[in-house]
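One structure below.
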Amino acid sequence: MGGYDFASLQTKWQAIWEERQPFTVSDAGDKRPRKYVMDMFSYPSGDLHMGHAEAFAFGDVVARYWWQQGFQVLHPVGWDSFGLPAENAAIKRGTDPREWTYSNIDQQRAAMKAYGVSVDWTREIHTSDPEYYKWNQWLFLKMYEKGLAYRKDSWVNWDPVDQTVLANEQVLADGTSDRSGAVVVKKKLTQWYFKITDYADRLLDDLNQLEGRWPSKVLAMQRNWIGRSTGADVDFVVEGRSEKITVFTTRPDTLFGVTFMVVAPESDLAAELVAGQDDAQIRAVFQDFLTEVQKSSEIERMTADRPKNGVFLGRYAKNPITGERIPVWAADYVLPDYGHGAVMAVPAHDQRDLDFALKYDLPVRVVVDVNAPVTGVIPALELDENGLAILPDDLEPSNPAETGEALTGEGRLLNSGVFTGLSKSTGIKKIIEALETSGDGRAAKTYRLRDWLISRQRFWGTPIPIIHGADGTEVPVPYDQLPVELPSTEGLDLKPKGQSPLGAATDWVSVKDPRDGSDALRDPDTMDTFVDSSWYYLRYLNPNDPDKAFDPKEADKWAPVDQYVGGVEHAILHLLYARFITKVLFDLGYVGFTEPFSALLNQGMVLSGGAKMSKSKGGVNLSDELALHGVDAIRLTMAFAGPPEDDINWEDVSPAGAAKFLARAYRLAKDVTSAPDAVWSEGDQNLRRVTHRFLSESPGLVEAFKFNVVVARLMELVNAIRKVVDSGAGAADPAVREATETVALALSLFSPFVASEMWEMLGYDSDVATYGWRKADPTLLVETSITAIIQVNGKVRDRIEVSPKIASDELEKLARASEAVIRAVGDKEIVNVIVRAPRVVNIAVR
RNA sequence: GCCCCCGUAGCCCAAUCGGCAGAGGCAGGCGACUUAAAAUCGCUUCAGUCAGGGUUCGAGUCCCUGCGGGGGCACCA
């Protein structure tokens, strides 16, 4: 590798930055406008890996860009330092998780500093510090007071490897744990929840505000996850039972087609219905069925298109609108925790209901004519004595009972009493109105989103600040007794046993009831670490404040975060939780905004051989690449590889090429012979034009995250300077200095070490990073002539050099006079001439 | 099954508003320097934009259909 000694440059500049702290934000008396740029903080695994390196490289481009643009930029880092890897490591070594965690942090901090990220190191936070997690507890208590934190007994996701419960968001689509990879099982347990479902509408609707500033993919994922459906709740009276069964449906227009009802077998409702039923045979059959259902694993349950099984419960319900008597079944295709755990079955128009009806020989009744025109005049239909329509033969739709295909399309209602003939959407509206009038139903929404299960049965997390009194009352720990600190691990067995290890820390868990001093027990569970990360962006604003979680005045000044950078793996989990907690803090009056992250950039992954790069898998890894090519070249490689949100195949990019380019840039700084006070305007005008075009275009490109294009333009500029130095005006030309200084300033966004060195070589002792972007001189951006293209029928036939200010009619005259055009037109008739001065003329001929 | 994103040279990728398909890099080729090689420097080959249809004076760009790739949700009523 020729060029320069990147290793000694890295050492030199790291020491200088350590001393100067150029990125520490004091704010006081600083009149510059503010920007808050934040990278997703890291779990302290000890090493910097490719994923971190890429995210920090991109985040740093943005942070350094705003510094150059004259802002004071808050760009903090912290550590997501609670969690299972530390705890598991501690179990393996018989040590305290604190040791592993804090030594990893030291190691990783050093790696990050060596990576040259523009960070305000005075604001570093660790979520495992009592000074931090105290405020998780404070947040919990605030939410508890508002009824947003509560405990309930429910079927939960249980990770049998990590021996703890998981939130829905932590279970992958294949039914395995996102952390341990174990197949998650269902357990019925009493757990703590945050009531995120209260915020479902706001979490969904506020996504519209983020449109265009968050990746559309993330917005789509969040919308899917929240999964709002609109429709109606309909109440069905059950014979011999005082309470009705309420079902949720998105198709109230098909109410006349209901031929049976289905409830989830494991729901309380099913048990009640069977209990109220005299036939012992039916009760026994149901019990067997329920046992069978509970045996099937979550994975089987989640596979679509499984055969549907069910049993008749021996009970009948009444259709509220037709008065018809319909049987009530229990079946495994109805889920206990969605909607009301019960459905009205319309087999003609729902594939699942149809599959079930055909299997158990239940009636199928068509109530929507999907062949009927959806728009236009509704044909007048004759009704029979039952109020049902008599249909002309050609309107007869296909019969689902014969085809096995449910009719789910748009159409017009059939056999639906006074509603017959209505379109789907009008039918939905009118039938809901009728239900509301009769009191048998109402418009309703339901969500896929579930409340956030936050308790965990592990040690290394934030203790839940609740005391359980002897009488079973939940007593919040008084605020002045926070934090509830984790005990020492001395004599404590952290091995997962399905119950929190804290429960066995006798001295810790036994407390006096704050109400009356009687014996009581602390809640032994700890919080999901996603609680820590749901508000950490606020803690950076006053990381050492002992009196409050964050300062609302600081939040007004800095928050929300202007630019958040991180991996798409948090598209739902962390980002949804942080949005939720921000809205809660807004409602509590602590912040004046409802979305935490105004803009989001998701970097792609770095792949090698089609797999994520990591040390354990062998092959290419970050530390080798850094040693081989230097920090600057690696960072530049990532910026140049393509759009930041795309994955990078390491085989497709060239760190050696990046290093070569940096060496070319560096050599220019060496070549410049003019003094720092050289008068640029006396320099080579063509080079100046290139420089100023670069100065003018780059900011927009950075703001659009087109880092790869900026680097390409920078390469262009370097090539242009080289040409002037070697075979033009020469190294002494003032324009060469101007252009080379521009290279150093722009390069500082991507490759700060070599940029700083170049800056020094060029005679400056200031920090290149905060020196300031130079404004383009508009007079150098004006083009003196422009190439107009002349087309005939859209095909380019001639090019002419014209003034950019040429008038349309003059350009047309020139175009018509062109010999190439005259030849192309020949004896054809000119039917139209489009002139877009000064760029294009198109002559349409026939 | 529903929804979202992407298909441009051998490869990674550019192409503001619909207006000359190529900025930059990798790989390749030729040349200069060198005893030779590396490094460096200069020059250079390479696609008509996945396919089909439509809108338009004009489509890589907008619309429809299909194919291919990636992702999210899913017995969700």
Side-chain angles (χ1 to χ4, degrees), chain A residues 1-3 173 215-229 231 247-251 254 261-262 264 301-308 331-335 337-346 349-353 355-356 408 446-448 568 571-572 604 636-637 640-643 645-658 660-661 663-664 667 697 700-701 704 706 708-719 722-723 726-727 787-799 830-836 839-845:
Chain A
M1 284 301 133
S216 58
K217 183 179 170 182
V218 174
L219 297 176
M221 285 166 75
Q222 293 225 352
R223 288 187 178 114
N224 274 344
W225 187 261
I226 296 166
R228 179 164 68 194
S229 309
V247 303
F248 173 77
T249 178
T250 55
R251 293 294 304 274
T254 61
M261 290 185 79
V262 187
R301 189 77 190 262
M302 281 193 295
T303 324
D305 301 327
R306 282 188 326 129
K308 295 163 180 55
D332 56 3
Y333 76 96
V334 173
L335 306 176
D337 55 358
Y338 184 79
H340 304 284
V343 302
M344 57 177 226
V346 187
H349 304 291
D350 182 288
Q351 192 61 47
R352 293 154 303 177
D353 294 341
D355 294 345
F356 190 76
T408 54
T446 192
Y447 305 86
R448 222 190 64 87
V568 73
I572 297 170
L636 189 72
T637 300
F640 185 55
E645 56 275 9
D646 287 4
D647 289 347
I648 300 171
N649 287 309
W650 206 245
E651 290 77 20
D652 291 338
V653 296
S654 173
K660 194 166 97 179
F661 166 72
R664 270 166 76 81
R667 262 199 319 279
E697 285 178 2
L701 292 169
K706 296 185 175 187
N708 54 328
V709 183
V710 180
V711 175
R713 297 275 182 274
L714 201 46
M715 289 172 168
E716 217 177 342
L717 180 58
V718 165
N719 290 344
R722 186 82 256 160
K723 201 166 250 174
D726 286 351
S727 48
T787 310
I789 57 158
I790 316 299
Q791 302 173 330
V792 176
N793 278 352
K795 288 208 177 68
V796 180
R797 294 300 183 188
D798 200 4
R799 305 180 163 89
I830 294 176
V831 289
N832 197 3
V833 181
I834 283 90
V835 186
R836 294 279 178 275
R839 247 171 238 291
V840 65
V841 177
N842 190 8
I843 299 171
V845 299

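Below, each value reflects all heavy atoms present in this structure, side chains not excepted, and no hydrogens, waters or symmetry copies. Not measured: the values here are computed from a predicted model. Lettering follows sequence order; numbering is per chain, from 1.
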Determine the interatomic distance between [atom1] on [N] and the same-named atom on [M]; round to the nearest Å.
{"N": "G25(B)", "M": "A21(B)", "atom1": "P", "result": "23 Å"}
{"N": "G28(B)", "M": "G66(B)", "atom1": "P", "result": "42 Å"}
{"N": "C62(B)", "M": "G19(B)", "atom1": "C1'", "result": "15 Å"}
{"N": "A51(B)", "M": "G69(B)", "atom1": "C1'", "result": "15 Å"}
{"N": "C6(B)", "M": "A77(B)", "atom1": "P", "result": "27 Å"}
{"N": "A14(B)", "M": "U55(B)", "atom1": "P", "result": "31 Å"}
{"N": "U44(B)", "M": "C4(B)", "atom1": "P", "result": "46 Å"}
{"N": "G1(B)", "M": "G58(B)", "atom1": "P", "result": "38 Å"}

Would you mind pulling out the nucleotide paired to [N], Watson-Crick or G-U wobble, both distances under 3.5 Å?
{"N": "U65(B)", "result": "A51(B)"}
{"N": "A15(B)", "result": "none"}
{"N": "G60(B)", "result": "none"}
{"N": "A38(B)", "result": "none"}
{"N": "G1(B)", "result": "C73(B)"}
{"N": "G28(B)", "result": "U44(B)"}

Between [N] ([atom2]) and [X] ([atom1]): distance, integer Å:
{"X": "R797(A)", "N": "C20(B)", "atom1": "CZ", "atom2": "P", "answer": "16 Å"}
{"X": "I830(A)", "N": "C57(B)", "atom1": "CD1", "atom2": "P", "answer": "16 Å"}
{"X": "N832(A)", "N": "C57(B)", "atom1": "CG", "atom2": "C1'", "answer": "6 Å"}
{"X": "R448(A)", "N": "C76(B)", "atom1": "CZ", "atom2": "P", "answer": "11 Å"}
{"X": "N793(A)", "N": "A59(B)", "atom1": "CG", "atom2": "C1'", "answer": "15 Å"}
{"X": "K723(A)", "N": "A23(B)", "atom1": "NZ", "atom2": "P", "answer": "12 Å"}
{"X": "Y447(A)", "N": "C73(B)", "atom1": "OH", "atom2": "C1'", "answer": "18 Å"}
{"X": "N842(A)", "N": "C57(B)", "atom1": "CG", "atom2": "P", "answer": "10 Å"}

Among the candidates [options], find the nucleotide nearest to the side-chain atoms of [X].
{"X": "R836(A)", "options": "C73(B), C4(B), C57(B)", "result": "C57(B)"}
{"X": "L335(A)", "options": "G24(B), C75(B), G19(B)", "result": "C75(B)"}
{"X": "V343(A)", "options": "C20(B), A77(B), G24(B)", "result": "A77(B)"}
{"X": "V334(A)", "options": "C73(B), A23(B), A77(B)", "result": "A77(B)"}
{"X": "W225(A)", "options": "C73(B), G24(B), C76(B)", "result": "C73(B)"}

Base, sugar-phosphate, or nothing for [X], non-hydrogen atoms under 4.0 angstrom?
{"X": "Q791(A)", "answer": "base"}
{"X": "T787(A)", "answer": "base"}
{"X": "D353(A)", "answer": "nothing"}

Which comes earlier along RNA chain B counting from the 5' end, the contact point of A788(A) or that of R664(A), where each point is its nearest nucleotide? A788(A)
Less than 3.5 Å between a donor and an acceptor, one on the side chain of K217(A) and one on the base of C5(B), is that the case here? no
What residues, two or more places apart in sequence or in another chain, satisfy ring-ring contact (aromatic ring centres under 6.0 Å, His included) together with F640(A)? none
Inter-residue atom distance D350(A).CG - M344(A).CE, 0.5 Å rounding: 9.5 Å
How does protein reach along nucleotides 12-18 of chain B, written 5' to 3' as B (base within reach of a heavy atom under 4.0 Å), S (only sugar-phosphate), or - (no contact)? SSSS---
Would you tell me if any nitrogen or oxygen in the side chain of R228(A) comes within less than 4.0 Å of OP1 or OP2 on C76(B)? no
Is any side-chain nitrogen or oxygen of T446(A) closer than 4.0 Å to OP1 or OP2 of A77(B)? no
Is any side-chain heavy atom of V833(A) closer than 4.5 Å to one of V841(A)? yes
More than 12 non-hydrogen atoms from neighbouring residues, nucleotides or ligands closer than 6.0 Å to CZ on R448(A), yes or no? yes
How should the glycosidic conformation of G48(B) be described, syn or anti, under the criterion that syn lies within 90° of 0? syn
Syn or anti for C11(B), please, going by whether the chi angle lies within 90° of 0. anti
Classify the ring geometry between Y333(A) and F356(A) as parallel (under 30°), tilted (30 to 60°) or perpendicular (over 60°). tilted
